[in-house]
Amino acid sequence: FSIPVNEMEFVSSKIEEVLRHPKIDGHFNKIEELKRETLLSLLLVGSVAALVVSSWMSILCTAAGLLLPAIKSIKALTMGNNLSHWVKYWMIYASISLADSLHFIPYYHLLKALLLVYLSVSSVAVDKIFSGYVGPAVSELERLLTPYLPQSILDEVEKKEE
């Protein structure tokens, strides 16, 4: 994979143009005037703040994705309500949890928490995501794995479906 030199020069010139824009250039001039100790202090404080926020976002994400839906699921179960919405939610939650290795994406936990809160209050969103993505993926996975599953497991699944 290589980028032609003329395209690199074009990109470089555009970056230079943006960096020299009066509004942006003024900010860089202010930063350049700071002492090294001040810059280092700001960097350290920013790093510590990022670590604290990151750990709290993970806790918020877990609370948002588990607590309210768990309470609602238990209520639906004990009251004899239709559980299909919550079964779909938990399948989506499991799918999202499989993607937890993506935590290197900026604001991953915040985005995940917002999505889970939205899913816990919106049955329309759950139905859309389940029917558009998770349901077909699970069906395809089932189709691929069924030939390799022991007959005893397949018989047990068929008993429960009846």
Side-chain angles (χ1 to χ4, degrees), residues 1 3 7 10-11 14-15 17-19 21 23-24 26-28 30-31 41-162:
F1 176 79
I3 299 174
E7 288 181 25
F10 174 77
V11 171
K14 287 297 178 186
I15 291 172
E17 185 180 314
V18 168
L19 291 176
H21 188 276
K23 290 183 180 178
I24 294 174
H27 293 295
F28 278 111
K30 289 177 187 174
I31 291 171
S41 298
L42 289 172
L43 181 64
L44 289 173
V45 168
S47 298
V48 169
L51 286 172
V52 169
V53 168
S54 171
S55 63
W56 281 102
M57 286 310 303
S58 180
I59 292 167
L60 170 68
C61 190
T62 300
L66 292 175
L67 293 179
L68 181 62
I71 291 167
K72 288 185 173 187
S73 297
I74 291 169
K75 275 187 174 180
L77 186 62
T78 57
M79 297 177 84
N81 294 346
N82 184 354
L83 295 174
S84 65
H85 169 77
W86 291 110
V87 169
K88 291 175 185 177
Y89 174 86
W90 291 113
M91 289 184 74
I92 293 169
Y93 183 86
S95 300
I96 292 170
S97 294
L98 286 173
D100 274 348
S101 62
L102 301 176
H103 64 274
F104 62 88
I105 294 174
Y107 307 108
Y108 170 76
H109 285 292
L110 176 62
L111 296 172
K112 179 180 174 183
L114 291 173
L115 175 64
L116 292 173
V117 167
Y118 178 61
L119 291 174
S120 68
V121 297
S122 172
S123 59
V124 172
V126 168
D127 288 339
K128 271 187 181 178
I129 291 174
F130 184 83
S131 62
Y133 303 101
V134 177
V138 169
S139 295
E140 181 64 18
L141 189 60
E142 180 184 23
R143 185 187 70 75
L144 291 171
L145 293 179
T146 298
Y148 304 103
L149 293 175
Q151 190 60 41
S152 59
I153 292 176
L154 296 172
D155 292 342
E156 189 66 31
V157 171
E158 287 177 14
K159 279 185 207 175
K160 291 184 180 186
E161 287 179 354
E162 293 172 357

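Worth saying up front: this structure is predicted, and the values here are computed from it rather than measured.
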Q: Could you grab the distance from atom CD1 of Ile96 to atom CE of Met91, nearest 0.5 Å is fine?
A: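 Nearest 0.5 Å value for the CD1-CE distance: 12.5 Å.
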
Q: Do you know which two heavy atoms are closest between Ser73 and Trp90, and how far apart they sit?
A: OG-NE1, 2.8 Å

Q: Do Val18 and Lys14 have side chains that approach each other closer than 4.5 Å (heavy atoms only, starting at C-beta)?
A: no

Q: Minimum heavy-atom separation for Lys72 and Ser120, please, with both atom names.
A: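 Residues Lys72 and Ser120, closest heavy atoms: NZ-O, 3.3 Å.
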
Q: Using every non-hydrogen atom in the two residues, find where Leu119 and Ile92 come nearest and quote the distance to one decimal.
A: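 Smallest interatomic distance, heavy atoms only, reads CD1-CG2, 3.6 Å.
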
Q: Please report the closest heavy-atom contact between Gly65 and Leu116, naming both atoms and the distance.
A: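 It is CA-CD1, 3.6 Å.
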
Q: Nearest 0.5 angstrom please: Ser95 OG to Phe130 CZ, how far?
A: 8.5 Å

Q: For Val121 versus Leu68, what's the shortest heavy-atom pair and its separation?
A: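 So the minimum-distance heavy-atom pair works out to CG1-CD2, 4.4 Å.
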
Q: Which heavy atom of Ser97 sits nearest a heavy atom of Lys112, and at what distance?
A: OG-NZ, 4.3 Å

Q: Between atom OH of Tyr89 and atom CG of Asp127, what is the distance when rounded to the nearest 0.5 Å?
A: 14.0 Å

Q: Report the distance from atom OG of Ser84 to atom NZ of Lys88, rounding to the nearest 0.5 Å.
A: 5.0 Å

Q: Are any non-hydrogen side-chain atoms of Tyr93 and Leu66 less than 4.5 angstrom apart?
A: yes

Q: Just how far is it from atom CD1 of Ile71 to atom CG of Leu67, taken to the nearest 0.5 Å?
A: 6.0 Å

